[in-house]
Amino acid sequence: MDLIKESYQPKKIEKFVQKYWKKNNTFKTTEKKNKKKFYCLVMLPYPSGNLHMGHVRNYTIGDVIARYQRMLGKNVLHPMGWDAFGLPAEIAAIENKIHPEEWTKKNIEYMKEQLTKLGYSYDWSREINTSKPEYYKWEQWLFTVLYKKKLAYKKKSTVNWCPNDKTVLANEQVINNKCWRCNTSIQKKKIYQWFLKITKYANQLFNDLSLLKQWPEEVKKMQKNWIGKKKIIEITISLFNRNEKIQVYTKKINTIVEATHIIISKNHWISKKINNKNKENQININKIDINKYAIKTKELAIHPITKKKIPIWVVNFLKKNQNYKEINAIICSPNDSLEEFNFKKKDYVKIIQLIQNHKNNSIVLNKNKLSNLQESKKLSVKKNHLIILQELIKQKVIQTKTIFKIKDWGISRQRYWGTPIPMYKNKNGKIFSIPEQYLPIVLPKIKNTNKKNEKKIIFSEKNRKFLINGEEVQIEKDTFDTFIESSWYYARYTSPNFKKGMFDLQAAKYWLPIDQYIGGVEHATMHLIYLRFFHKLLRDMGLVDSDEPVKNLLCQGMVLSNAFYYIKKDGTIKWIPKELTIIKKDKNKKIKNYFLDNGQKIINAGMTKMSKSKKNGIDPKIMIEKYGADTIRLFIMFSAPVEASLEWNESGVIGSYRFIKKIWKIVQHYKKNKNNYINNINKTENDNSQEKIKQKVNLTIKKVTYDIHERKSFNTAISEIMKLVNELSKYKIKNQKEKSVFHQILLLIIKMMYPFIPHVCFVLWNSLTGRNNIDHASWPKKNFFEINEIINFKITIVIQVNSKIREKIKIKKETISEEKIIFLAKKSKKIKKYLKEKKIKKIIYIKNKLLNFVI
RNA sequence: GCGGAAGUGGCGGAAUUGGUAAACGCACCAGAUUUAGGAUCUGGCAUCGAAAGAUUUGCGAGUUCAAGUCUCGCCUUCCGUACCA
């Protein structure tokens, strides 16, 4: 089948090549001890029903890296699966009266077909579906282990409750404190829920970030701030005329000695006490705002060293500005910097002001007074104070404490479509974990009732009864947070059908850790912290032997597209797909206006994240039909750097399409002229063109390899290949020798483009070599061509006068010396003009680049 | 509010280490070719200016011989904010 004879027909080519891959199991992977492994993982998708451009971007990056690594001779694990539990399935189930399982299954089938059409090189034999009992059995098992290790516990916590729908709402389902379905005001309800003690690992999760050398700095920063490790000093301090003590905090030991004040939050028990007792004060406390900044309480604390009485103030910003539950009282002095508690400078300034003006019972902010704040005198620590201080530290009245922002992970969900929590209550109401032989606890069947007001899935209570050791018990109703499933799937991929445990230890040992993980930047904190947490849990159980699950992380930016809406009469917003808008250009102002058929004016909301609700999603299916998978893949990799957000604009796609056609045509042309190369080109002009293009090829390989391998800068890698193709398309073959060089360059370009556009490269490779083995080809090596004669291109030296470019001199590299360039520069007419009658103060010379006269 | 990131021609972007701003591509303009084009090829293209030249990387300062790049202040947009995934 020689497709090259025809014009480029992506559909035909892609179908043919995909069939070949499937038939030959090209991408099936097994553990090969003699080969270096490379685990390339993309974040598994939620089967929402259609693949969106964000997926396409994520998976194309993954596929490019996987194919590139294969070309380097690595044994590449590149799996795909489905994060199949979750809220949308349940919503769809209620709306369409279809079982979540059925809905999910259908979606998976459709999305899998789309992934196949995009030509991703997955080992489909390792496919995972997290909603299958074979999968979730093992996270149930893990949970029972964690429970026994006291890493899982139950406590009361708040949920959003819609009294009308009689269901718990996710945060996303609450809009302006109202239910998104029925607009009923939601209630806060406290119920018992399961938690995982991630705080026990907080210190490790924080410290081990330093091991992650190949993670983006921004992600590490975000995680650091999320975990929020902080060292503070805790002082237990007595209250005057009360038999009670409170804990107050500071960052510096000096503060304690110099302390003149304590500030507490509105939620501190002292504040609340005042609130309850004193009705007059109650009004004041609730009115603490920008105008009335702080209120003095009647309480006094006794300074542990000086024994002086120091006042306690309630301030309005303490709780607001930091997320440490511990810090609800701070001891301050005029000299300390409260910025260390993450307060804004203006807040800090206000506190100093507060301390200086504490004669008044409350402070009204006056901007003019802020200037004379610096005058506070420094106090020195007296000797006897120091001794008392040391004693207090010994008695642990004063001690350092490490605190964390991160909270324990609440994993209970009051939902149907999720992994059942493997716990039960016996007749006495005592809680136990379910023994391993009874696992998995599978989902109960849904009762066929749909009462009018109940917008949730009703399951049969009968199914909640279970026999354990002959005793009838009540099984936990709640299910797991779906983040649990996505926290260990990476390990399951190493042995997806393993029946004796979470995964086969040998396989995990071979494949883990993940060499390259790719996913959206929106997962920088939660998912990526849970994943790291689980890996450490698995390590401490002896199941994996590394500290961190991911070596190299790449976070791609969002795919955005234009969204349009209009405001309805009732004030609500109606989103409109772009296809329904009619564009009218205002010729004078060059502004585009959008309308509906009926003349309704449409507002352009600009570029926003593609979503169903905003109707601005681009369906890859239509794009594939129109241009083929290779073009989409190429475009999405070419049009923006991976970490930046990509604004979808179809007009650019044509460029990628043209580029593929260009390569196709060059090969086609070359094949047609197989035996009649051109003899009669004027030779003087192109004497060393062959050496030149060889040199260009070597440079291109170097740059493309560096861009893909080190920088993950695919857009510049592609542009570099484009430049080479442009040059090659102008290259004229004069003799047989040059023809062979041309042939080699063609193969090289095909190899370098293969990770991006594998289908067309497969066919082109076949037509030039007669073989179907591009999938096993190796990546081109540095110095591909041996160069006989190094051509010294002329280089340009920029001549500046006072840092402004005034002249450019072309020069041969070998003839360069600083003196000579200065000589040549001074000789130039333009430069002469500027240097005339001026003194040269300084001459700066940057080798091979630039000369600057400072006058 | 808090944490993170970004802002460069008409558009997507390039400039990897402070050293020629705008590579590569889209759109546009002109020409060639074709029965035709949403095909192909050649050339032009930051802005102002006839030219010399001047100006230009969100805004305002600063450091430096030299700033898109470093420092400080501000503005705008995007992502996350613990039950969307």
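Proteins get letters first, then strands, A, B, ... in listed order; numbering begins at 1 in each.
Base orientation for B:rG9: syn, the chi torsion being within 90° of 0.
A:Glu218 and A:Lys221 are not joined by a salt bridge, as no carboxylate oxygen comes within less than 4.0 angstrom of a charged side-chain nitrogen.
With no hydrogens or angles considered, a side-chain donor-acceptor pair links A:Ser828 and A:Glu807 at under 3.5 Å. Side-chain atoms of A:Gln193 and A:Arg413 form no donor-acceptor pair, as typed in the model, at a separation below 3.5 Å. A donor and an acceptor atom, one from each side chain of A:Ser131 and A:Asn129, are located under 3.5 Å apart.
Annotation: B:rG13 and B:rC78 have their P atoms spaced 15 Å apart (nearest Å). Between B:rC84 and B:rC75, the two C1' atoms lie 31 Å apart (nearest whole Å). Rounded to the nearest Å, the gap between the C1' atom of B:rG1 and that of B:rU47 is 41 Å. Taking the P atoms as reference points, B:rU56 lies 12 Å from B:rA61, given to the whole Å. On the P atoms, B:rG12 is 29 Å away from B:rG31, given to the nearest whole Å.
Counting any heavy atom pair closer than 4.0 Å across all strands shown, A:Pro45 reaches no nucleic acid atom. When heavy atoms are screened at a 4.0 angstrom cut-off, A:Phe638 is found touching base atoms of the nucleic acid. Nucleic acid contact class of A:Lys665 (heavy atoms, under 4.0 Å, all strands): sugar-phosphate only. Contact annotation for A:His523: base contact, defined as any heavy-atom pair under 4.0 Å involving a base atom. Note on A:Trp226: a base of the nucleic acid sits closer than 4.0 angstrom, heavy atoms only. Within the 4.0 angstrom heavy-atom criterion, base atoms lie near A:Val159. Contacts of A:Glu807 with the nucleic acid, taken as non-hydrogen atoms under 4.0 Å apart, are absent. If you check every strand for non-hydrogen atoms under 4.0 Å, A:Thr482 touches sugar and phosphate atoms only. In this structure, A:Lys407 reaches the bases: a heavy-atom distance under 4.0 Å links it to at least one base atom across the strands shown. Using a 4.0 Å heavy-atom criterion, one finds that A:Ile846 contacts the bases of the nucleic acid, with or without backbone contacts as well. Residue-level contact check: A:Leu850 touches the bases, meaning some heavy atom is under 4.0 Å from a base atom. Among the protein residues, A:Ile797 comes within range of no part of the nucleic acid, since none of its heavy atoms lies under 4.0 Å from any strand. Using a 4.0 Å heavy-atom cutoff across all strands shown, A:Lys808 reaches at least one base atom of the nucleic acid.
Comparing B:rC83, B:rU16, B:rA39 against the side chain of A:Lys703 picks out B:rU16 as the nearest. Of the candidates B:rA14, B:rA85, B:rC24, the closest approach to any side-chain atom of A:Pro88 belongs to B:rA85. Nearest to the side chain of A:Lys730, among B:rU42, B:rU20, B:rC83, sits B:rU42. Of the candidate nucleotides B:rU16, B:rG12, B:rC83, B:rU16 has the atom nearest to the side chain of A:Tyr706.
At B:rG3, none of the side-chain N or O atoms of A:Lys221 fall inside 4.0 Å of OP1 or OP2 (strictly under the cut-off). Between A:Arg658 and B:rU40, a side-chain N or O to OP1/OP2 separation shorter than 4.0 Å is present. A sub-4.0 Å separation between OP1 or OP2 of B:rG80 and a side-chain N or O of A:Asn225 is absent. Checking the phosphate oxygens (OP1, OP2) of B:rA23, no side-chain nitrogen or oxygen of A:Ser719 falls inside 4.0 Å. Between B:rU16 and A:Arg711, no contact under 4.0 Å exists linking OP1 or OP2 to a side-chain N or O. Proximity of A:Arg413 to the phosphate of B:rA85: no side-chain N or O atom is located under 4.0 Å from OP1 or OP2.
Atom CG in A:Leu646 sits about 11 Å away from atom P in B:rA14, given to the nearest Å. If you measure from atom NZ of A:Lys829 to atom C1' of B:rA52, you get 15 Å, rounded to the nearest angstrom. Atom C1' of nucleotide B:rA85 and atom CG of A:Asn107 are separated by 14 Å, given to the nearest angstrom. Rounded to whole Å, the distance from CZ on A:Phe635 to P on B:rC24 is 18 Å. The interatomic distance linking A:Lys662 (NZ) with B:rA39 (C1') rounds to 14 Å, in whole Å. Taking atom CG of A:Leu528 as the reference point, atom P of B:rU81 lies 13 Å away to the nearest angstrom. Atom pair A:Ile821:CD1 and B:rG19:P shows a separation of 18 Å (rounding to whole Å applied).
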Going 5' to 3' along nucleotides 60-68 of chain B, which nucleotides have protein heavy atoms under 4.0 Å from the base (write B), which only from the sugar-phosphate (write S), and which from neither (write -)? -----BS--
Could you walk me through whether A:Phe85 and A:Tyr136 pass ring pair (Phe, Tyr, Trp, His ring centres under 6.0 Å), step by step? CA-CA 10 Å; A:Phe85 277 137; A:Tyr136 66 70; 5.6 Å; yes
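Closest-nucleotide positions on RNA chain B for A:Asp481 and A:Ala644 were compared, and the one nearer the 5' end corresponds to A:Ala644. Projected onto RNA chain B by closest heavy-atom contact, A:Pro641 and A:Thr525 fall at different nucleotides, the more 5' of which corresponds to A:Pro641.
B:rU40 and B:rA32 make up a base pair, with Watson-Crick or G-U wobble contacts both under 3.5 Å. The pairing partner recorded for B:rU16 is none, the criterion being a Watson-Crick or G-U wobble arrangement whose two distances lie under 3.5 angstrom. B:rA50 makes up no base pair with any nucleotide shown, lacking Watson-Crick or G-U wobble contacts both under 3.5 Å.
Taking the six-membered ring where tryptophan is involved, the planes of A:Trp409 and A:Tyr530 are essentially parallel, since the angle between them stays under 30° and well short of 60°.
Minimum interatomic distance between A:Leu44 and A:Tyr59 (heavy atoms only, all atoms of both residues): C-OH, 3.9 Å. Of all non-hydrogen atoms in A:Met111 and A:Pro45, the two that sit nearest each other are CE-CB, 4.5 Å.
Put simply, the residue from A:Trp648, A:Phe659, A:Phe714 that forms a ring-ring contact (aromatic ring centres under 6.0 Å, His included) with A:Phe635 is A:Trp648.
Seen from the ring of A:Phe756, A:Arg633 does not count as a face-on cation partner, given the 6.0 Å and 45° thresholds. Note that A:Lys154 lies outside the cation-pi zone of A:Phe195, set by a 6.0 Å cut-off to the ring centre and a 45° limit from the axis.
For B:rU20, its base never sits under 3.5 Å from the side chain of A:Lys804 at any donor and acceptor pair. Taking only distance into account, the side chain of A:Glu522 never meets the base of B:rC84 through a donor-acceptor pair shorter than 3.5 Å. Taking 3.5 Å as the limit, the base of B:rC83 and the side chain of A:Gln414 contain a donor-acceptor pair of atoms between them.
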